[in-house]
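Structure first, then comments.
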Number of protein chains: 2
Amino acid sequence: MAVTIKDVAKQANVSPATVSRVIADNPRISVKTKVKVREVMKELGYYPNFQARNLVAKNSRTLGVIMENSAALAFQNPFFPEVLRGISTRAHESQYGLYLSTGATQEEIYEEVIEMVQGRRVDGIVLLYSKIGDPVMEYLCQSGLPFAVVGRPYKNPCSVTYVDNDNINTAKETVEYLIGLGHRQIAFVGGATDFVVSLDRLEGYKQALNKHGILFDVAYTVNQEFMQGDKSEAIRRLMALELPPTAIVTHDDMVAYEVIGYLEDLKIQVPEDVSIIGFNNHMISKHLKPPLSTVDISIYDLGLHAAELVVEKITDASVPPKQVVVPSRLIERGSCRRL
Amino acid sequence: MAVTIKDVAKQANVSPATVSRVIADNPRISVKTKVKVREVMKELGYYPNFQARNLVAKNSRTLGVIMENSAALAFQNPFFPEVLRGISTRAHESQYGLYLSTGATQEEIYEEVIEMVQGRRVDGIVLLYSKIGDPVMEYLCQSGLPFAVVGRPYKNPCSVTYVDNDNINTAKETVEYLIGLGHRQIAFVGGATDFVVSLDRLEGYKQALNKHGILFDVAYTVNQEFMQGDKSEAIRRLMALELPPTAIVTHDDMVAYEVIGYLEDLKIQVPEDVSIIGFNNHMISKHLKPPLSTVDISIYDLGLHAAELVVEKITDASVPPKQVVVPSRLIERGSCRRL
DNA sequence: CTGAAAGCGCTTACAG
DNA sequence: CTGAAAGCGCTTACAG
């Protein structure tokens, strides 16, 4: 049997209440008593039982982290580990633990989140994605539990606390960079269309084209869901257009390299024939061939701020919803060329 | 205030004990009562409080997952997300939650683990690494809590439950594959030397050389710590040997590509001048140039089995320590050539 | 088949 | 400065 507060109390000749106060470092307890109790605690190897403590404290000092477990994609992508590292670091600073969702489908996740919240398993939640019509976010909103989203919510963004890049402008500037290099036929390979980040980047892409008098044409866009089918076929189709793209923006570095692979199959060289640009600045991208121009979106900071916001909200329920914009920046390397 | 068992009891005109039994689906409760109580639970939106339930049940239905958060490396590497996906899947099947360590240093992790265990936060633990002289594993051993390690323990492996590849033989076969292609000068770029996996693979490397009458020479080995210094310099030195390697085995695909990058800086081509082989079969490796020959170590299965073993041990404390060997296989692609 | 009571290990007003 | 008592929300022998 584990040693409890009673064992310590008995051994130290004080009441359990006093031991509890020593643990909480209550200033009304004499230094002498504290020293003695702490000695006994060490001697017996006492550690507080979290379940008991949390039950009465009505908190858990735990943050729930909600992510999708389904797609191998979600995991292979460096986004998840890096954002988690940011969350983890910030949580550890404030002595919060991390509880991870394990569900694979949207339904499983939904059920899990409700259990976490209603079951008082977590004090707050970091939602690692923002998608359209997501019941999880809706539930979270009406639950009243502190939470922060990594990514802009689709509906009423002002009432939700979130961290995001300015994806619209980032995408816009990225496309304008290519336009500045003389490109006019620019393709866009985006992520799944139910993610807000995909919509935002597509919007930025459109805005850039529009600003420079280039007509938007869906034929130049490829989305992730489509790519789940036959990716190489999607690229083949793209390059078979009457005016094939001279530049391609992709939503992730690894996807960029995959596209480069398909282009090579078609004897199309990067950057000689086609320029390409990625997102996320994967650690390896600068070492690969060609070194990839990419947008660094500061994934670690996204996680750090999300955790920060949740902890703040837990600590002080009266803070209004906040939105943090994490800067992103274009890193020029060798995968784009001037026309 | 959240709705409790008492609220349900009152509304359903039964005692709290009965409600509790309905939750547990106790067969001694009449169907009629069950139906009524369940109705009320749904009506009031009742969810059990985990803290309370766990306190009396003396378990938490939670698995602790211990990993290192320090190195950006640990996270960028696809190993972590993929092994977590395996763990997550298996845990979810048995309705276990996942609690993640957040510590960055070995000391922080050590403290966290003790708190998790003594504080009854978790019912079992998956340790995601095995390193020499790790106080965490020693503590876990003597704690009596069910745990499983991903990776062979350095000391008394027979008394610890773990999952691993047969790293010695895998490395041996990998090197023999290169020897079979006519290579004699084979370099080895391994991970940090305090990880058992690194030792094992180095051992396999040595065994292969020895078996084929090739003298082992440390000059042909580069370890990760060394590489933390100046990686490109390490490769330069390697290639400046009197008999430079004609083949290089690296412990990770991404490291392999980084090495390839440094080789290219030296105007050395892969596979024309040097053959190279990776580990982990990163999703992107088949798309990159050159397509990388690599050892697929079934990371997902490593996680799946580790979780399986812990759950089994939790369910039945009497099961003896088990060791599961997950198969790995060499995937031949275009980065090696016959001499 | 169901209820009253005790208890899991802790915290926190309330007294003194 | 410290203790006795009540209670957090649940479960589980023990009765009946």
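Naming: A, B, ... by sequence-line order, numbering from 1 per chain. Hydrogens, waters and symmetry mates are skipped; everything else that's a heavy atom, side chains included, is used.
For S60(B) and D123(B), the side-chain atoms include at least one donor-acceptor pair closer than 3.5 Å. Using modelled atom types and a 3.5 Å distance limit, the side chains of Y99(B) and R121(B) yield a donor-acceptor pair. Side chains of T89(B) and R85(B): a donor-acceptor N/O pair is absent below 3.5 angstrom, by distance only. Donor-acceptor pairing under 3.5 Å is recorded for the side chains of T102(B) and E112(B).
Although no hydrogens or angles enter the test, the distance criterion places a donor-acceptor pair under 3.5 Å between the side chain of S101(A) and the main chain of M67(A).
Rounded to an integer number of Å, the gap from CZ of R28(B) to C1' of dC14(D) is 10 Å. Taking atom CD1 on I29(A) and atom P on dC1(D), their separation rounds to 9 Å, with Å as the unit. The NZ atom of K58(B) sits 12 Å away from the P atom of dT12(D) (whole-angstrom rounding). As rounded to whole Å, 11 Å separates atom C1' of dA6(C) from atom NZ of K6(A). Across the protein-nucleic acid pair, N54(B) atom CG and dC8(D) atom P stand 18 Å apart, rounded to whole Å. Rounded to a whole Å, the CD1 atom of I5(B) is 12 Å from the P atom of dG3(C). Between the CG atom of N59(B) and the P atom of dC8(C) there is a distance of 16 Å, given to the nearest Å. Taking atom NZ of K10(A) as the reference point, atom C1' of dG3(D) lies 16 Å away to the nearest angstrom.
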Please, what dot-bracket string fits DNA chain C when only Watson-Crick and G-U pairs with both distances under 3.5 Å count, crossing ones use [ ] and pairs to another strand use |? |||.||||||||.|||
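Of all nucleotides listed (dT11(D), dC10(D), dG9(C)), dT11(D) comes nearest to the side chain of S20(B). Of the candidates dA13(D), dG3(D), dT11(C), the closest approach to any side-chain atom of R21(B) belongs to dA13(D). Closest to the V14(A) side chain, of the nucleotides dG3(D), dG3(C), dT11(D), is dG3(D). Comparing dC10(D), dC1(C), dC10(C) by their closest approach to the side chain of T4(A) singles out dC10(C). For S30(B), counting side-chain heavy atoms from C-beta on, the closest listed nucleotide (dT2(C), dG3(D), dC10(D)) is dT2(C).
Note on F50(A): nothing from the nucleic acid sits closer than 4.0 angstrom, heavy atoms only. The residue R53(B) sits close only to the backbone: its heavy atoms come under 4.0 Å of sugar-phosphate atoms, none of a base. Note on A17(B): a base of the nucleic acid sits closer than 4.0 angstrom, heavy atoms only.
With sequence neighbours excluded, the residues forming a side-chain hydrogen bond (donor to acceptor under 3.5 Å, both in side chains) with K34(A) are D25(A), listed by chain and number.
Note on ring orientation: taking the six-membered ring where Trp is involved, the planes of F195(B) and Y129(B) are perpendicular (angle over 60°, cut-offs 30° and 60°).
OP1 or OP2 of dG3(C) has at least one side-chain nitrogen or oxygen of T18(B) nearer than 4.0 Å. The side chain of Y46(B) contributes an N or O atom lying less than 4.0 Å from OP1 or OP2 of dC10(D).
Residue T33(B) is the one, among T33(B) and L55(B), whose nearest nucleotide of DNA chain C lies closer to the 5' end (criterion: closest heavy atom).
By the 4.0 Å N-to-carboxylate-O rule, R90(B) lies close enough to E93(B) to be salt-bridged with it.
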